[in-house]
> 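Dumping the structure here so I can ask a few things about it.
By convention in this document, chain letters (A, B, ...) are assigned in the order of the sequence lines, proteins followed by strands, and residues within each chain are numbered from 1. Since this is a predicted model, take the numbers as computed values, not measurements.
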Protein chains: 2
Amino acid sequence: MPKAALSTGAVVGLALRIVDDRGPAALTLAAIAAEAGVSTPSLYKHVRDLAEVKALVSAAVIGELADRVSAAVMGRASDDAIRALLTEWRAYVREHPHRYAAVIQRPEPRAAEPGARLLDAINASLHGLGLDETTAVHVARCLRSTVHGFVSLESEGGFGLPVNLDESFELLVTMATAGLRAALQEG
Amino acid sequence: MPKAALSTGAVVGLALRIVDDRGPAALTLAAIAAEAGVSTPSLYKHVRDLAEVKALVSAAVIGELADRVSAAVMGRASDDAIRALLTEWRAYVREHPHRYAAVIQRPEPRAAEPGARLLDAINASLHGLGLDETTAVHVARCLRSTVHGFVSLESEGGFGLPVNLDESFELLVTMATAGLRAALQEG
DNA sequence: CTCATAGGCTAATGCCATTAACCAAACGGC
DNA sequence: GCCGTTTGGTTAATGGCATTAGCCTATGAG
C-alpha cells in the first residue's frame, strides 16, 4: 500500500483549514484533495462522502467549543458561571467565525459525543441553582438559543448598524442572567 | 416574443414553493425551471443568477415575517408587546420552517426594505420604554438574537431532548421580558 | 406592414460528487 | 526472504448543476 499519506483525521484537518480560510461554502472534496496533493477520488478511501466530512467537521468544532466553555465555566457559579459560558462561547466564535458557521445543528450521531460535552458544560454553569431535571433542560435551551442567536448573526454579519457589538453582547448577558434569576423566582 | 409565461415574481413564487416542499438545499435553477415547465437557461431572462433568486427569496420571507410581526405588535406595549413579537415570530417560523431556514442573514440590498420593516416592528414593540437611540439598537439586537437563536435551532431540529418546546419558549419569553426590565433598571 | 425586441430554445463549457476498474507497495504468515 | 492479500492510491466515466453563447420567433410599437 502506497505510504499512507492521508487518514480520516488528516482529511478533517485539511477541511478545517479550508473552512477557516475560505468559508464553509468552499468546503468541497475537490478542494480538500487539492490541498492534500491527491486526486479527489482518493479521499473516498478515508471518508464515505462529503456529507461525512461535514459531519466530522461539525463534531470537531463542537468539541473545541465544548472544551473552551467547559474550562471557562469550571470553578464558577451562578451569574458568574453563566457570564463565563456566554462570553467564552462568543470568544470562540469570534476567533473562528467560519468554523462556527460550518456547524450542522441537526443532531447527528458523529457529533453526539462532543454535543453531549457541550451540553454538560451548559449544565455545569447551572449547578447550584437547584434546578430539577426538566427545568434544567428548559434553561439550557434558552441559554443556548441566546448565545447561538447572537453569535451566528454576528459571525454572518447579520448586524448592520454601526453600533458597538460588545455593548450589545454585554446587555445580552445581563438580560440572560437577570432574566433567569427573575424567571426562576416567578415560576 | 413567445407569450411571456414567466416573470421575476413568478420565479420567486416557484422558488418559495420548492423551498417549502423540499427545503432550501433543493432550491436550484434546474428545479425552478422544471416546476415552471421551461428550460433552465430561460430563467436568466428574468433573474441574474441563482444568488439573486436566493436574495429575492430571503427578501420575500423577511417581508412576510415583518408583516406578521408588525400586526402582532400593533396596539400592544411593554412586556405584552415583546411577548407578542417573540411569539408571532416563532409562529411564523413554525408555519414555514424551510422558508426561514432559506433566509440569508447577511445584509443585502434587495432585502434592505423588508429588513427595515422587520426592524421597525421590533422597535415598535419597544415604544414607550423611553429608550435612547443607541440603547434601542442594543435591545433590538438582543431580542432578535434571542428569537432567532431559538427558532433557528428549533426549525433545524437542533433540540434533541424529548422535553416540551412550548414550555422552553415560554421560559425564553419570560427571561427576555424580565431580563430586559432588570437590565434597563440597572444600566 | 415591418422590424426591433422580449422571451423562449439548444448546444457547449466547466465544476463538482460519486462510482468503477485498475495497480503497486507494504505487511503478515510461512 | 517469498507470496498473496490488503490498502491507498490512480485514471476514466457518469450525471447533476450553473452559466454563457447563439439562435429563433411571435408580438407589439410605429
Side-chain angles (χ1 to χ4, degrees), chain A residues 1-60 98 101-104 106 108-111, chain B residues 1-60 98 101-104 106 108-111:
Chain A
M1 50 191 128
K3 45 187 174 182
L6 278 182
S7 68
T8 303
V11 169
V12 175
L14 293 173
L16 281 171
R17 181 149 78 214
I18 291 167
V19 167
D20 280 339
D21 293 350
R22 292 180 260 163
L27 181 56
T28 109
L29 289 179
I32 297 172
E35 201 80 7
V38 104
S39 72
T40 307
S42 301
L43 299 178
Y44 287 85
K45 290 290 158 71
H46 303 282
V47 122
R48 184 199 305 287
D49 54 16
L50 179 60
E52 181 172 61
V53 175
K54 289 179 176 172
L56 292 172
V57 165
S58 283
H98 291 320
V103 170
I104 294 156
R106 168 166 268 101
E108 208 272 337
R110 295 170 179 289
Chain B
M1 53 193 128
K3 46 192 171 180
L6 279 182
S7 68
T8 304
V11 170
V12 174
L14 293 172
L16 281 170
R17 181 149 79 215
I18 291 168
V19 167
D20 280 339
D21 294 349
R22 292 180 262 163
L27 181 56
T28 113
L29 288 180
I32 297 171
E35 200 82 5
V38 103
S39 72
T40 308
S42 300
L43 298 178
Y44 288 84
K45 289 292 160 69
H46 304 282
V47 121
R48 184 198 305 285
D49 55 15
L50 180 59
E52 182 174 58
V53 175
K54 289 180 175 171
L56 292 172
V57 165
S58 283
H98 290 320
V103 169
I104 295 157
R106 168 166 266 102
E108 207 272 337
R110 295 171 179 286

> Rounded to whole Å, how long is the line connecting atom NE2 of H46(A) with atom P of dG8(D)?
6 Å

> Verify the contact: side-chain N or O of T28(A) to OP1 or OP2 of dC15(C), cut-off strictly under 4.0 Å; return yes or no.
no

> What is the separation between atom NZ on K45(B) and atom P on dC23(D), rounded to the nearest whole Å?
13 Å

> Name the closest nucleotide to the V38(A) side chain, picking from dC17(D), dT10(D), dA11(C).
dT10(D)

> What is the separation between atom CG on D49(A) and atom P on dA20(C), rounded to the nearest whole Å?
14 Å

> Could you walk me through whether E108(B) and K54(B) pass salt bridge (charged side-chain N to carboxylate O under 4.0 Å, His left out), step by step?
CA-CA 11 Å; E108(B) 207 272 337; K54(B) 289 180 175 171; over 6 Å; no

> Determine the minimum heavy-atom distance between L16(B) and A60(B), stating which atoms define it.
CD1-CB, 4.3 Å

> Separation of Y44(B) atom OH from dA11(C) atom C1', in whole Å?
15 Å

> Shortest non-hydrogen contact from V53(A) to I32(A)?
CG1-CD1, 3.9 Å

> Given atom CG of L29(B) and atom P of dA18(D), what is their separation to the nearest angstrom?
5 Å

> Using a cut-off of strictly less than 4.0 Å, decide whether S39(B) has a side-chain nitrogen or oxygen near OP1 or OP2 of dG8(C).
no

> If the cut-off is 4.0 Å, is S42(B) near the phosphate of dC9(C), judged by side-chain N/O to OP1 or OP2?
yes

> In this structure, how many angstroms lie between the C1' atom of dC16(C) and the CG atom of L43(A), rounded?
13 Å

> Mind calculating the distance between CG (L50(B)) and C1' (dT20(D)) to the nearest angstrom?
16 Å

> Keeping T8(B) on the side-chain end and H46(B) on the backbone end, is there a donor-acceptor pair under 3.5 Å?
yes

> What is the distance, rounded to the nearest whole Å, between atom NZ of K54(A) and atom P of dA17(C)?
8 Å

